[in-house]
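Heads up: the structure comes next, in structure tokens.
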Amino acid sequence: MTIPDPVPPSSSLAALEARLAQDLAYLGWPARSWMPPRQAADGDTMIDVAIVGGGQAGLAAWVALAQLGIRAVIFDRSPAGSEGPWATTARMETLRSPKELTGPALGLPALTFRAWFEAQFGLEAWTAMDKIPRLQWMDYLVWYRRVMNVDVRNGMAVTAVQPLPDATGVRLELRSSDGERSSVLARRLVLATGRDGLGGPAVPAFVNALPRSKWAHSSDEMDYGKLKGLRVGVIGAGSSAMDSAATALEAGAHSVELLIRRADLPRVNKGKGAGVPGLTQGHYDLPDELKWRIRHYINVLNVPPPHGSTLRVSRHPNAFFNFGCPVLSVEPRGEGMVVSTPKGDFEFDFLIVSTGFKVDWPNRPEFAAIAPHVRTWKDRFTPAPGDEDQELSDSPDLGPAFEFKERSPGECPGLARIHCFCYPAALSHGTVSGDIPAISDGARRLAGGIASLFYREDFDQHWAYLQEFAEPELFGDEWTPALPPKERNGEETEP
Ligand SMILES: Cc1cc2nc3c(=O)[nH]c(=O)nc-3n(C[C@H](O)[C@H](O)[C@H](O)COP(=O)(O)OP(=O)(O)OC[C@H]3O[C@@H](n4cnc5c(N)ncnc54)[C@H](O)[C@@H]3O)c2cc1C
């Protein structure tokens, strides 16, 4: 028998989309809807699930819910195609992750970045590519949204979330990009709000000495063209510090001094080493001490900036890596500033702080109604002396479906209807709620947990439906009941 040659891979996006559509049909997509429609006490219609955030986490959550027959609506304040950092505040040339990761594809080969890329550029280009160009990742997410028919309402900022007093749902206040206000009710709310999802940039106090026009956080939207000819200081040496430094240098900065607290750069990405399926699936079930141990270890050892991003800075002769330089003080001087460190004083015209993000509820007025009631790890766990970690202490203490818990039971009924599917979930669940490597696993866990909660909550309706369910499989005419053996044709049957 001769085995036929494999069908040559198609090179067109249209063919890929046809293949994806067929895969989805094979898998019974879209899934049958099974949720009883719900109305609020005042008769208003309720969305089953509202998702705040249409980045990769929100998209994956939407698709995972849809795979289970649960309708969701995403609200994102950004214009379509600008969700997340990729096309706005991110400044790296390529993604930091390896290109092979399957990200939000949820087990569908035809939905992977690689399938999308190869369909347009071919296998040779895929093989030649080192890492995924940043803007191409955004293009892929735009395509993902289109082919999966994700319901994203762009230009819609969620300005307030409030659990209903009877704990049956959550009210969202919205403001559209043209200033129109509205509100919607949802039975459950997913916060897919990103790396700074419950806060914002972590800004060191020393910048308070400076006028706002003289400094930026690395995550700020900013035209780096304005740094041309300036002496720029960059605080930090993580990935975003490198990206900011490189962008400033490429924009024609006179010089960039990186002020690095440590005596050296970390060399090993422990987060990458930790990322095994056991952690992805099992972190949630670890004892508190072990969850803390692993997250704290990764935090303390710090993630190195990517090789390519570091070279992108160091290839400039006017880039300076200053180690052992924690900032002691900052003082304005003339049009610029003086930054004092143990290694001496530096004069800058502009300062960029690349100091990461933190849980910072006051920075998120939309969560003001729930913030005081959210139970955090500091309410639950006291680390061993020496293992204190502000980021971890401030992390929310989440239930198995990423749901918030109340600080004390009964103080905010309905809080558990809000699911935290953003970076601060990492201590409770592992890094499954934002980063590319395990976003599909996180989305599946979230969707499965929500389906289970809905089923329990609607059990009476499902029970009533089951009792009324009368769809026959047999009609009673498929057989004839047999006569007792003795009566058949008057024949006697031998025992
Ligand atoms: C610069 C940078 C580079 C990164 N590079 C990588 C990488 O290479 N590999 C990797 O695995 N991870 C990377 N990450 C980490 C992570 O993958 C990204 O942060 C990613 O964007 C997370 O996706 P997300 O959907 O959780 O959040 P986001 O993509 O940030 O999306 C959140 C969305 O929520 C919306 N939103 C927030 N609040 C509201 C509100 N109140 N109302 C309406 N909309 C709201 C925002 O507009 C935004 O579009 C990077 C992060 C950054 C910041």
Side-chain angles (χ1 to χ4, degrees), residues 50-62 73-99 101-104 113 131-138 141-142 144-145 150 152-161 172-177 184 189-201 217-221 238-244 247 269 271-272 275 303 305-306 308-309 354 356-357 363-368 402 420-426 431-440 442-443 446:
I51 300 175
V52 189
Q56 63 202 23
L59 296 178
W62 189 96
V73 179
I74 298 181
F75 299 100
D76 197 303
R77 60 187 170 206
S78 317
S82 295
E83 300 86 356
W86 315 112
T88 52
T89 56
R91 298 187 173 87
M92 64 278 190
E93 290 171 326
T94 65
L95 288 198
R96 297 162 185 166
S97 330
K99 64 181 178 182
L101 296 175
T102 56
F113 176 87
K131 286 188 170 166
I132 297 172
R134 168 171 58 84
L135 292 174
Q136 207 162 36
W137 183 251
M138 185 77 244
L141 293 177
V142 168
Y144 178 105
R145 165 184 172 172
V150 185
V152 187
R153 319 276 168 95
N154 283 99
M156 298 296 275
V158 174
T159 56
V161 303
L172 284 77
E173 302 295 340
L174 299 158
R175 194 186 54 240
S176 73
S177 41
V184 292
L189 174 63
V190 173
L191 305 182
T193 41
R195 186 65 188 72
D196 58 346
L198 302 180
H217 188 269
S218 53
S219 67
D220 287 346
E221 272 189 64
S239 309
S240 291
M242 290 306 153
D243 300 337
S244 287
T247 312
N269 181 352
K272 186 174 170 191
V303 174
S309 311
S354 183
F357 301 97
N363 212 0
R364 289 284 184 163
E366 65 268 46
F367 305 138
F402 298 87
C420 175
F421 194 53
C422 50
Y423 178 79
T431 41
V432 297
S433 52
D435 293 357
I436 294 165
I439 191 64
S440 285
L446 173 79

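Positions are given from 1 along the sequence. Remember, it's 1-based here, ligands and their atoms both numbered in the order they're listed.
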> Phe402 vs Phe421 aromatic rings, parallel, tilted or perpendicular, using cut-offs 30° and 60°?
Replying inline: perpendicular
> Looking only at N/O atoms, are Ser97 and ligand 1 under 3.5 Å apart anywhere?
Replying inline: yes
> In terms of residue, atom name and distance, what is the protein heavy atom nearest to atom 52 (C) of ligand 1?
Replying inline: Pro85 CG, 4.1 Å
>> Regarding atom 24 (P) of ligand 1: of the candidates Gly238, Ala57, Gly84, Pro79, which has the closest heavy atom?
In response: Ala57
>> Can you name the atoms of ligand 1, numbered from 1 with element, that are less than 4.0 Å from a heavy atom of Glu83?
In response: 49 (O)
> Roughly how far, to the nearest 0.5 Å, is the CG atom of Leu172 from the CD atom of Glu366?
Replying inline: 10.5 Å
> Short N/O distance, under 3.5 Å, between Ile436 and ligand 1?
Replying inline: yes
>> Looking at every heavy atom in both Pro306 and Lys131, which two are closest together, and how far apart are they?
In response: CB-NZ, 4.4 Å
> What protein heavy atom sits nearest atom 15 (C) of ligand 1, and how far off is it?
Replying inline: Asp435 OD1, 3.3 Å
> Using 4.0 Å as the upper bound for N to carboxylate O, is an ion pair formed by Glu83 and Arg145?
Replying inline: yes
> Going by the order shown, which atoms of ligand 1 are within less than 4.0 Å of some heavy atom of Arg195?
Replying inline: 19 (O)
> Taking heavy atoms and a distance under 4.0 Å, where does Leu59 meet ligand 1: side chain, backbone, both or neither?
Replying inline: neither
> Does a salt bridge link Asp243 with Arg96, judged by any charged N lying under 4.0 Å from a carboxylate O?
Replying inline: yes
>> Among all the protein's non-hydrogen atoms, which is closest to atom 14 (N) of ligand 1, and how far away is it?
In response: Trp86 CH2, 4.0 Å
> Out of Leu189, Val152, Ile74, Asp76, which residue meets the side-chain contact (heavy atoms from CB on, under 4.5 Å) rule with Ile51?
Replying inline: Ile74
>> Quick test: of every protein heavy atom, which one is nearest to atom 35 (C) of ligand 1, and how far off is it to 0.1 Å?
In response: Asp76 OD2, 3.4 Å
>> Just verifying a value: how many Å separate Gln56 CD and Ser440 OG, rounded to the nearest 0.5 Å?
In response: 10.0 Å
>> Ignoring hydrogens and geometry beyond distance, is a side-chain donor-acceptor pair present between Ser218 and Ser240 at under 3.5 Å?
In response: no
> Based purely on interatomic distance, does Pro437 place a nitrogen or oxygen under 3.5 Å from a nitrogen or oxygen of ligand 1?
Replying inline: no
> What is the distance from atom CG of Leu101 to atom CD1 of Ile436, rounded to the nearest 0.5 Å?
Replying inline: 7.0 Å
> Looking only at heavy atoms, what is the nearest atom pair of Leu174 and Val158, with distance?
Replying inline: CD2-CG2, 3.5 Å
> Less than 3.5 Å between some nitrogen or oxygen of Arg77 and one of ligand 1, yes or no?
Replying inline: yes
> Of the protein's non-hydrogen atoms, which lies at the shortest distance from atom 31 (O) of ligand 1, and what is that distance?
Replying inline: Gly55 CA, 3.6 Å
> What do we get for Tyr423 next to ligand 1 when only non-hydrogen atoms under 4.0 Å count, side chain, backbone, both or neither?
Replying inline: neither
> Which protein non-hydrogen atom lies closest to atom 22 (C) of ligand 1, naming both residue and atom, and how far is it?
Replying inline: Gly434 O, 3.6 Å
> Heavy atom of Met156 under 4.0 Å from ligand 1?
Replying inline: yes
> Which pair of non-hydrogen atoms, one from Leu198 and one from Cys420, has the smallest distance, and what is that distance?
Replying inline: CD1-SG, 4.0 Å
> Hey, is ligand 1 close enough to Ser78 that some N/O pair sits below 3.5 Å?
Replying inline: yes
> Honestly, is Arg195 close enough over Phe357, meaning NZ or CZ under 6.0 Å from the six-membered ring centre and within 45° of the axis?
Replying inline: no
> Looking at Met92, which atoms of ligand 1 are within less than 4.0 Å of one of its heavy atoms?
Replying inline: 3 (C), 4 (C), 5 (N)
>> Tell me the closest heavy-atom pair linking Ser354 and Ala241, and the distance in Å.
In response: OG-N, 3.0 Å
>> Taking 4.0 Å as the limit for heavy-atom contacts, which would you say applies to Arg364 with ligand 1: side chain only, backbone only, both, or neither?
In response: side chain
>> Suppose I only count heavy atoms of Gly53 and a 4.0 Å limit; which atoms of ligand 1 are within that range?
In response: 33 (C), 34 (O), 35 (C)
> Which atom names give the shortest non-hydrogen contact between Gly81 and Val142, and what distance separates them?
Replying inline: CA-CG2, 3.9 Å
> Tell me: protein heavy atom nearest atom 23 (O) of ligand 1, and distance?
Replying inline: Gln56 CG, 3.5 Å
> Which of the atoms in ligand 1, numbered in the order shown and given with their element, are less than 4.0 Å from a heavy-atom of Val52?
Replying inline: 39 (C), 40 (C), 42 (N), 43 (C), 44 (N), 45 (C)
> Should you measure from each heavy atom of Ala192, which atoms of ligand 1 turn up under 4.0 Å away?
Replying inline: 32 (C), 33 (C), 34 (O)
>> Heavy atoms only, cut-off 4.0 Å: how does Ser239 contact ligand 1, side chain, backbone, both, or neither?
In response: neither
> What is the closest protein heavy atom to atom 2 (C) of ligand 1, and at what distance does it sit?
Replying inline: Arg96 NH1, 3.7 Å
> To the nearest 0.5 Å, how far apart are OG in Ser97 and CG in Asp435?
Replying inline: 7.5 Å
>> Looking at ligand 1, is there an atom of it that comes within less than 4.0 Å of some heavy atom belonging to Ala157?
In response: yes
